[in-house]
2 protein chains.
Amino acid sequence: MAAPKTRNNRQTPCEQCPLRALPHFREFKPDELDFVSNFKTGELAVDAGTTILVEGSHSAHLFTVLSGWGFRYKMLDDGRRQILNYMMPGDLIGLQGSLMGEMQHSVEALSPVTLCVFERDKLGTLYRNYPDLAYDLTWIAAQEERILDENLLSIGRRSALERAAYLLAFLYQRAKASNLFKGARVSIPITQQHVADTLGLSIVHTNKTLKKLGERKLIRWADRGCDILDDEGLMKISGWEGYHDKNRPFI
Amino acid sequence: MAAPKTRNNRQTPCEQCPLRALPHFREFKPDELDFVSNFKTGELAVDAGTTILVEGSHSAHLFTVLSGWGFRYKMLDDGRRQILNYMMPGDLIGLQGSLMGEMQHSVEALSPVTLCVFERDKLGTLYRNYPDLAYDLTWIAAQEERILDENLLSIGRRSALERAAYLLAFLYQRAKASNLFKGARVSIPITQQHVADTLGLSIVHTNKTLKKLGERKLIRWADRGCDILDDEGLMKISGWEGYHDKNRPFI
DNA sequence: CGGTATGTTGAACACTATCAATCGGGGTGG
DNA sequence: CCACCCCGATTGATAGTGTTCAACATACCG
């Protein structure tokens, strides 16, 4: 019998959470760690391509990405798709849905993804008894807002080449902070279609734009993914200065 | 001696807040009202065109719009501007800056605006003692995120005509909920340059696109503003379904 | 009355989309 | 093992959307 694609049994205790070990993330106080450990009801592992949350649905769960890559998107009736943001280890998924009922966007895995599962019912306890964690949740929502602001500026006002450079520099910086490259040179696991749907461009024009970045030795398009060769060069083209977060909160 | 442009004296007690009277907004519990009343340290009135918050600055204050229209934007070094969202009565301004230190966007008034002023130092007390208000703050941040998601979809994937229709329907619906039209037919106080900077289009093409909407009797461009003649027609063109919020929280 | 801000219009041009065809790698079934 | 198919990437040609430039109209303001 084949191994199941998804498992629900708990595997990584919060006390040994690998994310807390990274300098990018902040430490918990002991009582907070206890609560979070209890808040977490399980773990979910999904394959690349799996839809984790669907627009229009009501989910009883919240997730934090423990490993892997994903993305958030919305679609129009005729199939046009807009990718809103990418999810990496430490990112919270489904807060919007938990607070406002219905999901207004979908979430899909780009690679095999492991998720910590939380019950949205326990959010009330969190707000009542753990004000610092409540503050962190607001912080996380505000941080997402900040990223969306930047994306909006990019799509609205940057040229195709600038947009592409911004996106790849952005993904590179975030992935590095989340330790997704683990020392080794790992590609960003996206297709050119994902890039196109993020930047608001057609797939053909995206291809030609990425080729220009390749000719300038800033990136190399690998098999089903992108290698960043010169992130500072990308940031220079895009005019983006990057983030400077340290000790980021997460749940 | 001329009247000062801005006043700092308190004028509208929270107990008589005109926003709470609107069906769109939720009611406070008595102790919450007490706290908010104390949280509010003053009121600020500014003229149209005033910059309320500047990108890169550190503000000690948070604001809620009590009356008037404003907008949030970011700029690139060479002057390209992207409007991110519009502010109307009940909207909170500066939460991002309060949580993360530096403002990453600017805020400007479109009309005379009155603001309730809050001290960001008291946010800690709010989180420690008023979990429901803390929850509301997260809700407000998530709501902003939802709007940005929708804007991103619009700019990234809708045509110029669809984008313009979406924007005007969106502004109309929000303004109506915030009672900005007060029964009388009041124009949305924006210039075509604002529309262009919101939609990611040039001013010339924006003008031609708005003209098309005018020819279809969906809007009428007035002096320095826009009248909505057929909001359902606009929603139909854009493919946007609108929001369905009732009893929205605000601070 | 000149100056500024906003809105309008036409023409030429550039960027991006669409269409169509091809290529290469990986997986599958014969 | 090989033919076949599918997906993602690539490329050229053509069409179309949106930009830029430039000129002009209108209203408001000191």
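In what follows, every chain begins at residue 1, and chains take the letters A, B, ... in the order their sequences are listed.
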Expressed in angstrom and rounded to an integer, what is the separation of Leu213(B) atom CG from dT8(C) atom P?
-> 13 Å
Please set out all donor-acceptor pairs under 3.5 angstrom arising from side-chain atoms of residues 87-98 of chain B, sequence neighbours excluded.
| from | atom 1 | to | atom 2 | distance (Å) |
| --- | --- | --- | --- | --- |
| Asp91(B) | OD1 | Arg248(B) | NH2 | 3.2 |
| Asp91(B) | OD2 | Met88(B) | N | 2.8 |
| Asp91(B) | OD2 | Arg174(B) | NH1 | 3.3 |
| Asp91(B) | OD2 | Arg174(B) | NH2 | 3.2 |
| Gln96(B) | NE2 | Glu145(A) | OE2 | 2.9 |
| Gln96(B) | NE2 | Asp149(A) | OD2 | 3.1 |
| Ser98(B) | OG | Gly94(B) | O | 3.0 |

Can you give each donor-acceptor pair under 3.5 Å made by side-chain atoms of residues 58-66 of chain B, sequence neighbours left out, with the distance rounded to 0.1 Å?
| from | atom 1 | to | atom 2 | distance (Å) |
| --- | --- | --- | --- | --- |
| Ser59(B) | OG | His61(B) | N | 3.0 |
| Ser59(B) | OG | His61(B) | O | 3.2 |
| Thr64(B) | OG1 | Ile251(B) | O | 3.0 |

The single option from Glu108(B), Gln82(B), His194(B), His105(B) that satisfies side chain to side chain contact (heavy atoms under 4.5 Å, CB included) with Tyr73(B) is Glu108(B)
Short N-O contact, Arg157(A) and Glu162(A), less than 4.0 angstrom = no
Without swapping roles, check the side chain of Glu43(B) against the backbone of Thr12(B) for a donor-acceptor pair under 3.5 Å.
-> yes
What's the NZ-C1' distance between Lys211(A) and dC15(C), to the nearest Å?
-> 18 Å
Within a reach of under 6.0 Å around CD of Glu232(A), are more than 12 heavy atoms found that belong to other residues, nucleotides or ligands?
-> no
Is the number of heavy atoms from other residues, nucleotides or ligands under 6.0 Å of Glu215(B) CD greater than 12?
-> yes
Main-chain N/O of Asn85(B) paired to Arg72(B) side chain as donor or acceptor, under 3.5 Å | no
Anything under 4.0 Å to a heavy atom of chain A counts; send over the first and last such nucleotide of DNA chain D, read 5' to 3'.
-> dG8(D) to dA13(D)
Contact list for DNA chain C against residues 198-208 of chain A - heavy-atom distance below 4.0 Å = Gly200(A), Leu201(A), Ser202(A), Val204(A), His205(A)
Please round to 10 degrees the angle between the axis of the first five pairs and the axis of the last five pairs in the helix from dC1(C)-dG30(D) to dG30(C)-dC1(D).
-> 30°
In whole angstroms, how far is the P atom of dG7(C) from the NZ atom of Lys212(B)?
-> 19 Å
Candidate pair Lys212(A) and Ile237(A), rule side chain to side chain contact (heavy atoms under 4.5 Å, CB included), full reasoning | CA-CA 12 Å; Lys212(A) 283 185 193 167; Ile237(A) 287 186; over 6 Å; no
Neighbours of DNA chain C within residues 148-162 of chain A, by heavy-atom distance under 4.0 Å = Ala160(A)
Using the closest heavy atom to pick a nucleotide of DNA chain C for each, name whichever of Thr191(B) or Arg224(A) lands nearer the 5' end.
-> Thr191(B)
Ignoring hydrogens and angles, tell me if any N or O in the side chain of Ser154(B) forms a donor-acceptor pair with the backbone of Glu150(B) under 3.5 Å.
-> no
Report yes if at least one side-chain N or O of Gln193(B) is closer than 4.0 Å to OP1 or OP2 of dA5(C); otherwise report no.
-> no
Salt bridge check: are Glu144(A) and Arg146(B) linked by an N-O gap of less than 4.0 Å?
-> no
Which word best sums up how the rings of Tyr86(B) and Phe71(B) line up, parallel for under 30°, tilted for 30 to 60°, or perpendicular for over 60°?
-> tilted
Side chains of Trp69(A) and Ile190(A): closer than 4.5 Å at any heavy-atom pair?
-> no
